Amino acid sequence: MVSARGLVLWAALGAVAACTGANPDYDPDAASAICTGGQRRCGAAGPEVCAQQASGGYDWAQDFCPAGGRCDNGHCAAPAGATACVRNADCGAQVCVVFVSGAGLGRFCAPATGSIIGGGACQTSSDCLSGLCQKQATGGALCYTACAEAGDCNGGRTCQQADVTITGVRGTIQGCMK
C-alpha cells in the first residue's frame, strides 16, 4: 500500500521528468540519418555518394564510374596498371577515359563503357564509349573524346580545355568541344 507521502513523491518526480514544451533541438530523423550529404565511400558496386532522397532524408546512392574503373576513397580511379593517355590513338583497342588521379583528374586507357563514339549526342555518361557525356557551350551534350591537338577531333569540334567533375572531383581536361 502506497502512503500519501509516496504518492506526493511520485507526482513530484513525474512533473520533473515530463516534457514541458517542444524541444527545438530535437530532430527525430537525426538518429536514423544514414549519412551526411556529399560524403563518399566505396560500396559493393563502386563509388557511392550520400545524396538527398525524394523523402528529404539522405542515403547512399551509386555514383557513375566508367567501365574498368575502381573505387578509391569513394572516387572513380583508373584500373590498376592502366596506361596514361592524351588521345584515343594512345590506347589501341581501348579508349582514353577521364578518372580521378590523386587530388585531380587524369586520362587513362580503359575498356569502352557505352556504344556512342566521341562527338555523338548523349543523355548520360553510360551512353558513351569514353564514359563521359559532356555538356557543350553551344547546347546539348556530346560524348567526350580525349585530344592533344585539333587533328584528334572530328565533326567540326576543336581541342580545348573543358571543366568536368568526376565522382565529386572537379578539374580541367582537354577534350574535343563544339
Side-chain angles (χ1 to χ4, degrees), residues 35 37-54 58-178:
C35 55
Q39 192 177 3
R40 298 191 153 276
R41 73 176 186 184
C42 292
E48 294 179 341
V49 62
C50 184
Q52 190 166 21
Q53 306 297 302
Y58 287 84
D59 200 354
W60 293 106
Q62 190 68 42
D63 204 353
F64 179 76
C65 188
R70 63 182 173 79
C71 190
D72 183 21
N73 292 316
H75 300 286
C76 186
T83 304
C85 57
V86 294
R87 61 178 67 84
N88 284 338
D90 299 337
C91 297
Q94 295 185 327
V95 291
C96 194
V97 178
V98 181
F99 290 104
V100 173
S101 179
L105 301 177
R107 297 180 288 183
F108 298 88
C109 298
T113 296
S115 60
I116 301 175
I117 63 169
C122 54
Q123 297 295 314
T124 66
S125 289
S126 62
D127 296 337
C128 304
L129 287 173
S130 66
L132 180 57
C133 182
Q134 197 171 19
K135 291 186 181 188
Q136 302 294 296
T138 57
L142 301 176
C143 288
Y144 171 78
T145 303
C147 62
E149 56 191 35
D152 297 328
C153 302
N154 59 18
R157 297 177 303 147
T158 59
C159 188
Q160 53 187 291
Q161 294 293 318
D163 207 18
V164 299
T165 301
I166 306 293
T167 57
V169 176
R170 185 176 174 185
T172 302
I173 57 165
Q174 277 192 250
C176 297
M177 307 283 288
K178 274 195 173 185

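These numbers come from a predicted model, not from an experiment.
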Exercise. More than 12 foreign heavy atoms under 6.0 Å from CD of Q53: is that the case here?
Worked result: yes

Exercise. Do the cysteine sulfurs of C35 and C50 sit under 2.5 angstrom from one another?
Worked result: yes

For this session: Could you tell me which non-hydrogen atom of C96 sits nearest to which non-hydrogen atom of Y144, and how far apart they are?
Result: O-CE2, 4.1 Å

Exercise. Hey, what do you get for CG (D63) to SG (C76), rounding to the nearest 0.5 Å?
Worked result: 8.5 Å

Exercise. T113 side chain to A67 main-chain N or O, any donor-acceptor pair under 3.5 Å?
Worked result: yes

For this session: For residues G69 and F99, report the shortest heavy-atom separation together with the two atoms involved.
Result: CA-CE2, 3.6 Å

Exercise. From H75 NE2 over to S101 OG, what is the distance, rounded to the nearest 0.5 angstrom?
Worked result: 12.0 Å

Problem set entry | Backbone N/O of A78 and side chain of R70: donor-acceptor pair under 3.5 Å | yes

For this session: Measure from the side-chain N and O atoms of R41 to the backbone N and O of E48, and report whether any donor-acceptor pair falls under 3.5 Å.
Result: no

Problem set entry | For the student: nearest non-hydrogen atoms of G114 and L129, plus distance | O-CD2, 3.1 Å

For this session: Evaluate disulfide (SG to SG under 2.5 Å) for C91 paired with C85, printing each intermediate quantity in order.
Result: CA-CA 7 Å; C91 297; C85 57; 3.8 Å; no

For this session: Rounded to the nearest 0.5 Å, what's the gap from CE on M177 to SG on C147? Could you check?
Result: 9.5 Å

Seminar exercise, completed: Closest heavy-atom pair, G118 versus N154, reported as atoms and distance to 0.1 Å, is O-OD1, 4.3 Å

For this session: Let me see the working for C143 and C122 under disulfide (SG to SG under 2.5 Å), right down to the final yes or no.
Result: CA-CA 6 Å; C143 288; C122 54; 4.0 Å; no

Exercise. Could you go step by step and tell me if C176 and C153 meet the disulfide (SG to SG under 2.5 Å) rule?
Worked result: CA-CA 6 Å; C176 297; C153 302; 2.1 Å; yes

Problem set entry | Beyond-backbone contact of S126 with F64, side-chain heavy atoms, under 4.5 angstrom | yes

Problem set entry | Rounded distance (nearest 0.5 Å) linking atom CD of Q161 with atom OG1 of T172 | 6.0 Å

Seminar exercise, completed: Test side chain to side chain contact (heavy atoms under 4.5 Å, CB included), reference N88, set I117, V97, T145, D152, output is T145

Exercise. Less than 4.5 Å apart, any side-chain heavy atom of N73 and any of R40?
Worked result: no

Exercise. What are the two closest non-hydrogen atoms of G68 and P111, and how far apart are they?
Worked result: CA-CD, 4.1 Å

Problem set entry | Residues in side chain to side chain contact (heavy atoms under 4.5 Å, CB included) contact with L105, at least two apart in sequence or another chain | V98, V100, V164, I166, V169, I173

Exercise. Do the side-chain N and O atoms of T138 and Q136 include a donor-acceptor pair separated by under 3.5 angstrom?
Worked result: no

Exercise. Between L142 and R157, is any pair of side-chain heavy atoms under 4.5 Å apart?
Worked result: yes

For this session: Rounded to the nearest 0.5 Å, what's the gap from OG on S130 to CZ on R107? Could you check?
Result: 11.5 Å

Seminar exercise, completed: CD of Q174 to CD of E149, rounded to nearest 0.5 Å, is 10.0 Å

Exercise. So, for G131 and S125, which heavy atoms are closest and what is the spacing to 0.1 Å?
Worked result: O-CB, 3.3 Å

